[in-house]
Protein chains: 2
Amino acid sequence: MTTMAINNRRVYGSLNSPATLRVLACLFEHDLDFEFVPIDLNAGEHKKKQFLSMNPFGQVPVYEDGDMKQFESRAIIRCMGFAYGKEGKELIYWDAKEQAVVANWIDVEDHQFEPPAMKLINKPTNGSTSDEAIVVGAKARLTKVLDVYEARLTHFKYLASNKYTIADVVHLPNLHALLGSKFKNLVESRPHVSEWCTEILARPAWAKVLEMQHKAQV
Amino acid sequence: MTTMAINNRRVYGSLNSPATLRVLACLFEHDLDFEFVPIDLNAGEHKKKQFLSMNPFGQVPVYEDGDMKQFESRAIIRCMGFAYGKEGKELIYWDAKEQAVVANWIDVEDHQFEPPAMKLINKPTNGSTSDEAIVVGAKARLTKVLDVYEARLTHFKYLASNKYTIADVVHLPNLHALLGSKFKNLVESRPHVSEWCTEILARPAWAKVLEMQHKAQV
């Protein structure tokens, strides 16, 4: 029953948070019902007592599935992959050595891709302009990362293998934002990276995330 | 056969690198034979062509298991947990929801614990003193993180559960270094964190890592 499913599965997050968006994309990939509970980051709701009781580090999203609460977005996605992967449609591999490659590229996204990407995407919130030195450094770093991706994607259709996996899912929000920024050429100038982006951002699950964002802004 | 096992499993790394040490600890936990190939970071060996062909991001360690090469330390450990976990002695859970909690606390170590811990542990290499503002910020951040750990460890013997898991393993190198630094009071002043540290640093697998370090320095 939908109602029961909704009662069991909740995402507390913000549609402005890449971490929240990647969890939503994964829920849609798995066709899972859930309730979305918006957390107002501007009002500092994530630093208040009630939220801290779910995530003591005060960050979105928090994911609730029955009596389990989890708050690291990539951990949530990994576990969703294992808990809800349907044979032939998994976003993971059941074999430990094949899954090792997926795990490797999830951590590459986490450690190599996201840090410089976020620096290029995020607009300073205090009205000041971006620190030029930070932008230059981030652009140089992301250039190197995308060169590695370009080489990788010459051999595989997706980042970990020829199958769409959670290693691709985790990239969605920041890739989407990068393509909407003045740095989109970093993606578009690399044919295999560009093709990969077009392919994964066209997933119906990602379209549903954008639709949620759009509806919330209307 | 030991020789065959050694031929199949190799760690390319440095005994000065926390990421390398956590992978070694995990290999010893699983009683796995391996060959250690030292990479000279001072000589920039990790930025040379031969090493970059194994890890395009030029970081240690690289782990080789048969025809699989993997280079993110936490990804290596996760997969070792799944590939070599023996019933009753696993450092993971086979159940997706129980493993979700382990995955959550691995990412906490990665995102919350390691960044400030590294800032307090690392001595500046260029002969200059540490930037005081960085140290103050890192200390404040780590204080908050260890307060969360203290609360968590009041309810569970280990970080993810009452069982020793890879969420604990990933902490070993930086915890060990922290206890050898002038910031050891951050650990020792918190009874549950202190007890947890004593317990996990006393694991025979960790003793074997320290022995490797000791032998290499003689």
Side-chain angles (χ1 to χ4, degrees), chain A residues 19 52-53 55-59 62-85 92-115 141 144-152 160 166-167 170, chain B residues 19 52-53 55-59 62-85 92-115 141 144-152 160 166-167 170:
Chain A
L52 291 175
S53 75
N55 178 359
F57 299 104
Q59 292 169 345
V62 165
Y63 175 60
E64 201 175 78
D65 190 353
D67 57 359
M68 187 196 69
K69 277 196 184 66
Q70 213 181 349
F71 51 79
E72 285 280 351
S73 68
R74 294 173 190 84
I76 294 167
I77 287 176
R78 281 176 205 280
C79 298
M80 220 182 275
F82 280 99
Y84 297 110
I92 53 149
Y93 287 95
W94 302 112
D95 173 79
K97 291 205 177 175
E98 284 185 289
Q99 182 58 21
V101 185
V102 177
N104 196 81
W105 289 90
I106 293 171
D107 282 2
V108 167
E109 182 275 329
D110 190 350
H111 299 151
Q112 312 289 343
F113 175 80
E114 182 169 89
R141 198 173 155 196
K144 281 189 187 175
V145 172
L146 292 179
D147 282 345
V148 172
Y149 281 26
E150 181 67 12
R152 176 90 191 157
I166 51 177
V170 291
Chain B
L52 291 175
S53 75
N55 177 358
F57 299 104
Q59 290 168 345
V62 165
Y63 175 60
E64 201 175 77
D65 190 354
D67 57 0
M68 187 196 68
K69 276 197 186 65
Q70 213 181 349
F71 51 80
E72 286 281 351
S73 68
R74 294 173 191 85
I76 294 166
I77 287 176
R78 283 176 203 279
C79 298
M80 221 182 273
F82 280 99
Y84 297 110
I92 53 150
Y93 288 95
W94 301 112
D95 172 79
K97 290 204 178 177
E98 285 184 288
Q99 181 57 21
V101 184
V102 178
N104 196 82
W105 289 91
I106 293 171
D107 282 2
V108 167
E109 183 276 326
D110 190 350
H111 299 152
Q112 311 289 344
F113 176 81
E114 181 168 270
R141 197 173 156 197
K144 282 190 185 174
V145 172
L146 292 178
D147 282 344
V148 172
Y149 281 26
E150 181 67 11
R152 177 92 192 155
I166 51 177
V170 291

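- Ile106(A) CD1 to Asp107(B) CG: the interatomic distance, rounded to the nearest 0.5 Å, is 9.0 Å.
- Atoms CD and CD, from Glu72(A) and Gln112(B) in turn, are 6.0 Å apart once rounded to the nearest 0.5 Å.
- The structure places NE2 of His111(A) at 5.0 Å from CZ of Arg74(B), a figure rounded to the nearest 0.5 Å.
- The aromatic rings of Phe82(A) and Phe82(B) lie parallel to each other, with less than 30° between the two planes, well short of the 60° mark.
- The closest donor-acceptor contact from the side chain of Asn104(B) to the backbone of Phe71(A) lies under 3.5 Å.
- Between chain A and the residues Ala75(B), Ala83(B), Ala151(B), the most heavy-atom pairs under 4.5 angstrom are made by Ala75(B).
- If you tally non-hydrogen atom pairs under 4.5 Å between each of Met68(B), Arg152(B), Lys97(B), Lys144(B) and chain A, the highest count goes to Lys97(B).
- Looking at Val102(A), neither its backbone nor its side chain comes within 4.5 Å of chain B, counting heavy atoms on both sides.
- Within a 6.0 Å radius of CG in Asp95(B), other residues, nucleotides and ligands contribute more than 12 heavy atoms.
- The greatest number of non-hydrogen atom pairs below 4.5 Å with chain A, out of Asp147(B), Val101(B), Asp65(B), is found for Asp65(B).
- Nearest heavy atom pair, residue Gln70(A) against residue Ala103(B), reads NE2-CB, 4.5 Å.
- Contacts of Tyr63(B) with chain A are absent, with no heavy-atom separation under 4.5 Å from either backbone or side chain.
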